[in-house]
Amino acid sequence: MKTYPLLINLLFMIISWSIGVYFLSVIYTPTIIIPLFNDFIWIRDYKGLLGLTAVFTVLTIPLVAFLYKKRGQMKKKTTWYGVNAVTHLLWIGTLALQIKTVLYNLGICH
């Protein structure tokens, strides 16, 4: 199987961490507001911008390592690309939530 989906996962991870660390240096507040559909969550700044990234990083790194190790032995391409598609969607959702949170806290999306 191709290894570029695994590299895309790692790229999403690096982008998410860099967005979180960068905006922690831009936003000078002890609490971050995370906007939900009909409610808000007030949370510490590190947990607000890097919490979801840390959780998905802990879950994705072993999965990517396992898939990289077993990429030649996988018989079904649908399983391979299905798992990669799910992880891509999770990382895209994480990036979208980070950007939405940052924009809301900067006052752009009020």
Side-chain angles (χ1 to χ4, degrees):
M1 302 294 154
K2 305 271 186 195
T3 58
Y4 69 86
L6 302 177
L7 296 174
I8 292 172
N9 281 330
L10 293 176
L11 179 69
F12 283 147
M13 221 181 299
I14 291 169
I15 290 171
S16 181
W17 278 100
S18 61
I19 285 174
V21 169
Y22 174 73
F23 282 110
L24 277 174
S25 66
V26 172
I27 298 174
Y28 302 108
T29 181
T31 59
I32 296 289
I33 302 169
I34 299 177
L36 299 175
F37 292 113
N38 59 353
D39 200 12
F40 300 101
I41 297 175
W42 292 70
I43 197 163
R44 298 287 303 163
D45 52 355
Y46 288 98
K47 288 182 186 176
L49 290 177
L50 293 175
L52 196 59
T53 302
V55 168
F56 283 142
T57 299
V58 168
L59 294 175
T60 303
I61 287 180
L63 180 68
V64 167
F66 175 76
L67 287 176
Y68 184 76
K69 186 177 178 182
K70 299 289 184 180
R71 72 185 185 280
Q73 299 171 0
M74 295 192 92
K75 302 277 188 220
K76 296 189 177 193
K77 289 184 179 182
T78 57
T79 303
W80 170 261
Y81 289 114
V83 169
N84 281 308
V86 168
T87 55
H88 289 163
L89 289 175
L90 286 175
W91 278 107
I92 289 172
T94 302
L95 289 169
L97 186 62
Q98 272 185 324
I99 292 172
K100 180 180 177 181
T101 302
V102 166
L103 292 177
Y104 190 83
N105 284 288
L106 288 175
I108 296 173
C109 294
H110 279 287

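Just the heavy atoms: all of them, side chains too, but no hydrogens, waters or symmetry mates, feed the values below.
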*Please confirm whether the backbone N or O of Ile33 pairs with a side-chain atom of Asn105, one donor and one acceptor, at under 3.5 Å?*
yes
*Give, for atom OH of Tyr104 and atom CG of Leu97, the distance between the pair rounded to the nearest 0.5 Å.*
13.5 Å
_Gap separating the CD1 atom of Ile32 from the CH2 atom of Trp42, nearest 0.5 angstrom_ = 10.0 Å
_Linked, directly or transitively: Ile43 and Leu36 (ILVMFWY side chains, under 4.5 Å)_ = yes
*asked:* Contact between Leu49 and Asp45 at the side-chain level, heavy atoms closer than 4.5 Å - yes or no?
replied: no
*Over all heavy atoms of both residues, which pair between Phe40 and Pro35 is shortest? Give the atoms and the distance, please.*
CD2-CA, 3.7 Å
*Any Leu67 side-chain heavy atom under 4.5 Å of Asn84 side chain*: yes
*asked:* Under the rule for side-chain contact (heavy atoms from CB on, under 4.5 Å), what residues qualify as partners of Ile19, not counting sequence neighbours?
replied: Ile15, Phe23, Leu95, Gln98, Ile99
_With clusters defined by side-chain heavy atoms of hydrophobic residues (ILVMFWY) lying less than 4.5 Å apart, directly or transitively, does Ile14 cluster with Val58?_
no
_Measuring from atom CE of Met13 to atom CD1 of Ile8, what distance do you get when rounded to the nearest 0.5 angstrom?_
12.5 Å
*Nearest non-hydrogen partners of Thr57 and Pro62, listed with the distance*: O-CD, 4.4 Å
*Okay, side chain of His88, backbone of Phe12: is any donor-acceptor separation there less than 3.5 Å?*
no
*Quick one: side-chain contact (heavy atoms from CB on, under 4.5 Å) partners of Val64, sequence neighbours excluded?*
Leu6, Asn9, Thr60
*Mind listing the closest non-hydrogen atom pair of Pro5 and Tyr81 along with its distance?*
CG-CE2, 4.2 Å
